Amino acid sequence: MTVRHSLLAILDRGDCYGSQLRAEYLKRTGVAVNVGQVYTTLERLERDGLVEHRGTDDDGRVLWGATVAGSAEAREWLGAASIAERRDEVALRIALALTLPGADVAGIVAAQRAAVRAALDAGEADDDTLDAVTRAVVAAARRTRLEAELRFLDEVERLAGEATPFDLSDDRPRRGRPVRSAG
């Protein structure tokens, strides 16, 4: 979930100032976002014609609102399916370790498994910022992903026996950064 699209979707509901938008994001997702990131995102959204200044509130805070194009993009994003990206840090770290001679893949998998089990055992902290249904959805997603990660680690252990580590290749790309001359 992108902060950019999330903020845009919130602004589609009505005008907000930056700190208000940050609070709405936390209230709706249970995830804190840095207020600096909120303002940087608003500036980029404005640059892209998706939000605009809507004056100030009674306390002089700048209000932001979604433009017609911004509302359309927010609604399109909300209705679109999304698939987890290939840049899964755990999978990439394990895949890399499988190729490195001497890497303790079993240790990496064991440490990851222990961390996932600890997270499952810890459950969810009570988050008073979320309503009960939103809290249940976030908790169910987290629990399901952690359980899936345990199944993934089982699969990694099975596949690890088929991996063959290798040293650096003798093939060298033709491009690279040249040495800078001292002159």
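Values in this document were obtained by computation on a predicted structure and should not be read as measured data. Sequential numbering from 1 along the given sequence is applied to the chain's residues.
In terms of modelled atom types and a separation under 3.5 Å, the side chain of D131 and the main chain of V133 share a donor-acceptor contact. With R54 contributing its side chain and C16 its backbone, the two residues share no donor-acceptor pair below 3.5 Å. Under the 3.5 Å distance criterion, the side-chain polar atoms of D57 are matched with a main-chain donor or acceptor of D59.
No side-chain heavy atom of R28 sits less than 4.5 Å from a side-chain heavy atom of T134. Side chains of R44 and T40 form a contact here, defined as non-hydrogen atoms less than 4.5 Å apart. Between L45 and T41, some side-chain heavy-atom pair lies under the 4.5 Å cut-off.
Closest of all the heavy-atom pairs between L146 and V116 is O-CG1, 3.4 Å. When all heavy atoms of N34 and R22 are compared, the closest pair comes out as C-NE, 4.1 Å. The shortest heavy-atom contact between V33 and Q37 is CG2-OE1, 3.2 Å. Considering every non-hydrogen atom in both Y39 and S19, the closest pair reads OH-N, 3.4 Å. When all heavy atoms are compared, the tightest approach of T29 to Y25 is OG1-O, 2.7 Å. Looking at every heavy atom in both residues, W64 comes nearest to Y17 through CD1-CA, 4.5 Å.
Here CD of E149 is found 11.0 Å from CZ of R151. Values are rounded to the nearest 0.5 Å. Separation of atoms CZ (R4) and CG (D48) is listed at 4.5 Å; rounding is to 0.5 Å. Within the model, atoms CG of D15 and CD of E52 stand 8.5 Å from one another, a figure rounded to the nearest 0.5 Å.
Among L78, V3, L50, the one residue that satisfies the side chain to side chain contact (heavy atoms under 4.5 Å, CB included) test with L8 is L50.
Atom CD of E155 is surrounded by more than 12 heavy atoms from other residues, nucleotides or ligands within 6.0 Å. Within 6.0 Å of CZ on R13 lie no more than 12 heavy atoms contributed by other residues, nucleotides or ligands.
Hydrophobic clustering keeps L63 apart from L42 (ILVMFWY residues linked when any side-chain heavy atoms are closer than 4.5 Å, directly or through intermediates). Hydrophobic clustering places L7 together with V31 (ILVMFWY residues linked when any side-chain heavy atoms are closer than 4.5 Å, directly or through intermediates). Transitive grouping of hydrophobic side chains (ILVMFWY, heavy atoms separated by less than 4.5 Å) brings V51 and V35 into a common cluster.
Residues forming a side chain to side chain donor-acceptor pair (under 3.5 Å) with D12 (at least two apart in sequence, or on another chain): S71, R75. Every residue two or more places apart in sequence or in another chain was checked for a salt bridge (charged side-chain N to carboxylate O under 4.0 Å, His left out) with R93, and none qualifies.
Connectivity analysis of hydrophobic side chains (ILVMFWY, heavy atoms under 4.5 Å, direct or indirect) links L100 to L96.
Using cut-offs of 30° and 60° on the angle between ring planes, the pair W77 and H5 is parallel.
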